[in-house]
Structures are given as C-alpha cells and as structure tokens.
Amino acid sequence: MGEQKTNPEKNRQKSTVKRIWLAMIGIGAIILVALFILPLDQNQEETVDSEQTPSSESPDTAPDDVLGQWQRTDGNYMIEISEVKENGTLNAVYYNPEPINVSEATMDREEGQISVSITLQDEGYPGSIYNLAYNPGQDALVGTYYLAGPGQTYRVQFVRAEQ
C-alpha cells in the first residue's frame, strides 16, 4: 500500500475555517447572553413589551384577580398572595424556594390597571423590589425586579401556578 500524501496548505486552510466558525459561534453565544441573561442597564428606562402590558381598558379586572400562587417563568421563585385588604396592602409570601421576608406588599388600581409592589427585606435581599402589573389576557404578573445588593434590574414574568 502506498503512503497517503498530506497537503500542509490544505490542512492550514481547514484549520483556519474551523477557527473562524468557532469564533462565530462564540460571538453568537455572547450576543445571546447579552440580550437575554444580563440585567437591564440601570440608567435605561424600563419598559415592558406592549404585548405584555395590561390594558387600561380592562374594567372586568378585580383586586381578587391577583390572589393565588404565582411562579416566575425563569426559576423556582414563587409569590403567594392570600389576601387583598381594603387599604391596598397584601398578605404575601415570597419563596426562593425557601420563604424570604416580605417587608411590604401593596396593590394599586389606576385606570383599570392593577399593579403589585412587593419589597423584600432579608439576608441577600435588603430592599429588593418587585414592581408588577396584572395582565388579564395572559393571567400573568409582568414587570421588573430590582435586586438591591448589586443594584440590578431584571424583566420578570409570573404565571399562575397550577394547584
């Protein structure tokens, strides 16, 4: 059997093409991380997509619509709202997955839109705040989460947990 000849120039070209493809894949991964995982810039105005924004023309929403257990779509975070009081305060518990102290929980209704604010005060959560709006079309709570320790804000969504 004869020896198989190798072409060093061809091998270099293949190696260069392979490195270019790997670099492109790496850049694509970095872009995905930047778009979907990194927190919002604190100085950037925070907005929620209009598709997820509750309509101010929802007269059929009621304060009791926020009662129940709500599961955050990106992890094991859970909010349980068991009561809406006449003064707008809520009986709420937050789990990650163990209970985290809720120092304040309130509900507001303005122009037919229900909003919920939950402030956490616990180790690792000194003054972290959820500002959420109820979206009746999706039966979801959507908005932002301010993680006070590092001072970062994230877009979040909670959906009603099946019981």
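This one's a predicted model, so the numbers in the text were calculated from it and none came from an experiment.
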With a cutoff of under 4.5 Å between side-chain heavy atoms, which Ile, Leu, Val, Met, Phe, Trp and Tyr residues group with Tyr95?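 Tyr95 shares its hydrophobic cluster with Met78, Val93.
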Taking only residues two or more places apart in sequence or in another chain, which ones pass ring pair (Phe, Tyr, Trp, His ring centres under 6.0 Å) with Tyr94?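 For Tyr94 the ring pair (Phe, Tyr, Trp, His ring centres under 6.0 Å) partners, ignoring immediate neighbours, are Tyr130.
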Residue pairs fulfilling salt bridge (charged side-chain N to carboxylate O under 4.0 Å, His left out) with at least one residue in [range], sequence neighbours excluded:
{"range": "residues 114-139", "value": "Asp139-Arg160"}
{"range": "residues 142-152", "value": "none"}
{"range": "residues 140-150", "value": "none"}

Donor-acceptor contact present, side-chain [X] to main-chain [Y], <3.5 Å:
{"X": "Asn87", "Y": "Thr89", "value": "yes"}
{"X": "Gln138", "Y": "Val142", "value": "no"}
{"X": "Ser128", "Y": "Ala148", "value": "yes"}

State the [atom1]-[atom2] distance between [X] and [Y], to the nearest 0.5 angstrom.
{"X": "Leu67", "Y": "Met107", "atom1": "CG", "atom2": "CE", "result": "9.5 Å"}
{"X": "Asp65", "Y": "Leu141", "atom1": "CG", "atom2": "CG", "result": "10.0 Å"}
{"X": "Thr144", "Y": "Asn131", "atom1": "OG1", "atom2": "CG", "result": "5.0 Å"}
{"X": "Thr119", "Y": "Asn101", "atom1": "OG1", "atom2": "CG", "result": "11.0 Å"}

What closest approach, in Å, do [X] and [Y] show between heavy atoms, and which atom pair accounts for it?
{"X": "Gly127", "Y": "Gln121", "value": "N-OE1, 3.2 Å"}
{"X": "Arg109", "Y": "Pro63", "value": "NH1-CD, 3.5 Å"}
{"X": "Ile114", "Y": "Ala62", "value": "CD1-O, 3.1 Å"}

Quick check on the hydrophobic clustering: are [X] and [Y] connected, directly or via other members, by side-chain heavy-atom contacts under 4.5 Å?
{"X": "Leu132", "Y": "Tyr154", "result": "yes"}
{"X": "Ile79", "Y": "Ile129", "result": "no"}
{"X": "Val116", "Y": "Leu147", "result": "yes"}

Does any part of the side chain of [Y], heavy atoms only, come nearer than 4.5 Å to the side chain of [X], both counted from C-beta?
{"X": "Val66", "Y": "Val84", "result": "yes"}
{"X": "Arg72", "Y": "Tyr145", "result": "yes"}
{"X": "Glu83", "Y": "Lys85", "result": "yes"}

Quick one: side chain to side chain contact (heavy atoms under 4.5 Å, CB included) partners of Ser82, sequence neighbours excluded?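 Side chain to side chain contact (heavy atoms under 4.5 Å, CB included) list for Ser82, sorted by chain: Asn91.
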